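The structure appears right after this line, and notes come after that.
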Amino acid sequence: MFSTLNALAPDPILGLIALANKDPNPNKVDLGVGVYKDESGLTPIMSAVKTAELSCIEKEISKAYIGPAGPEEFNSGIRELIFGGQHSALESDRVRTVLTPGGCGALRVGAEFLKRCAGDATIWVSDPTWANHLPLLGNAGLKLAEYPYYEAGSADIKFDEMMSALADVGRGDIVLLHGCCHNPCGADLSETQWRELTSLAAKNGFLPFIDLAYQGFGRGLDEDAYGVRYMAEHLPELLVASSCSKNFGLYRERVGSLSVVGEKAAQSDALLTHINNVVRGNYSMPPSHGGAIVGEILADQALRQSWETELAAMRDRINRLRVLLVDKLTAQGATRDFSFIAQQRGMFSFLGLSVEQVEQLREQFSIYMVGSSRINIAGISQANIDYLAHSVAAVLAS
Ligand code: LMR
């Protein structure tokens, strides 16, 4: 049975962890996997998370099953975080949310649910998109297609081409969108572009599936949810996957959510039964611990305030590093214009280097990034930024 299978190549993103870890160079810089790091290179446990975790352990009196949808405290808290307290879709009771094992779990449950709704559906993903979108959606049986999104030359979105490609996508098909902090390119749709895209979805009838993995890491918790909230207000149906890996720093606890917006409350109730049924037939129900922590933070005013302050500090640090990196690259004599890095948002940007240049940075300078030259800005620090800028400038000049 097993003898026909050969080993696979390492995952293009996760494979970098092992490579960087075993590099003995004390100057190595790991800009690979998208985890937030502080100045000392540590991925910290947020203080609100630590406090809420202790309180959850203290309060927990049973380990009985929590059911496929997860606890209501998490689901209602995260729903309000995503859609905003006063949203018309919440007021008309059109949104149902379940706790999932990470944003990946949300994408996969969403994809299986969509396969059930429209067996022949194609899901359109941006070119480029996060590498793991392809197996998460494709392995659920959805057909995949790409729409143009990012132009390397101008380091910007090619919105007109994107809209022309999506003009041919109609009812029964799905368009996957990055809610904010586009992974991998860091170039986000403007509010005007979200509105234009919403009009196109309303006219053509395709279903938007929004991946909101980085809420709070770009411009702010509310600002980063603009696209989700606008679409939920103006379209009859929508799917949203969110992640608490980055904004709560709960990576290994696997906490995320899937929200479905239906046309009417009764329809949304029916949709929830299908989502729960997909979950039941997959992993039966989500783990409880991480969701309980998030539920506790969102329900407690003091914890929530502390969390928002810490999240803002992480966001500000990334945005400061973006500006500083552009300055340092210029100071090191890099002839290319890198100013786009300061304008983009979230953890990632492309440096715009070739695969060979990325390899050269790894082999000669112990600088690690994804083969597409995607860097995790949060991996930069005051201690390594000069070395990084010097190395990139050297590779560009060679
Ligand atoms: C990334 O893009 O680096 C993160 O989302 C981690 C992952 O699972 O790929």
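One-based numbering, in listed order, for ligands and for the atoms of each. Bear in mind that the values here come from a model prediction, so they are computed numbers and not experimental data.
For the ring-ring contact (aromatic ring centres under 6.0 Å, His included) with H182, the qualifying choice from F350, Y149, Y214 is Y149, the only one to do so.
Here K246 has side-chain heavy atoms under 4.0 Å from ligand 1, and that is the only part of it that gets that close.
The closest approach between N183 and ligand 1 falls below 4.0 Å for a heavy atom of the residue.
Near I13, the atoms of ligand 1 lying under 4.0 angstrom from a non-hydrogen atom of the residue are 2 (O), 3 (O), 9 (O). Interface of Y214 with ligand 1, defined as ligand atoms under 4.0 Å from a residue heavy atom, comprises 5 (O). Within ligand 1, the atoms closer than 4.0 Å to a non-hydrogen atom of R374 are 1 (C), 2 (O), 3 (O), numbered from 1 in the order shown.
In terms of protein heavy atoms, atom 6 (C) of ligand 1 is closest to V33 CG1, 3.9 Å. Of all protein heavy atoms, the one lying nearest to atom 7 (C) of ligand 1 is W130 CZ2, 3.6 Å.
Panel note: side chain K246, backbone G34; a donor-acceptor pair is recorded below 3.5 Å. A donor-acceptor contact shorter than 3.5 Å links the side chain of R322 to the backbone of Q344. The backbone N or O of D23 sits less than 3.5 Å from a side-chain atom of K28, completing a donor-acceptor pair.
Cation-pi geometry between R229 and F83 is not satisfied (NZ or CZ under 6.0 Å from the ring centre, within 45° of the ring normal).
Taking all atoms of both residues into account, the shortest heavy-atom contact from L321 to I377 is CD1-O, 3.7 Å.
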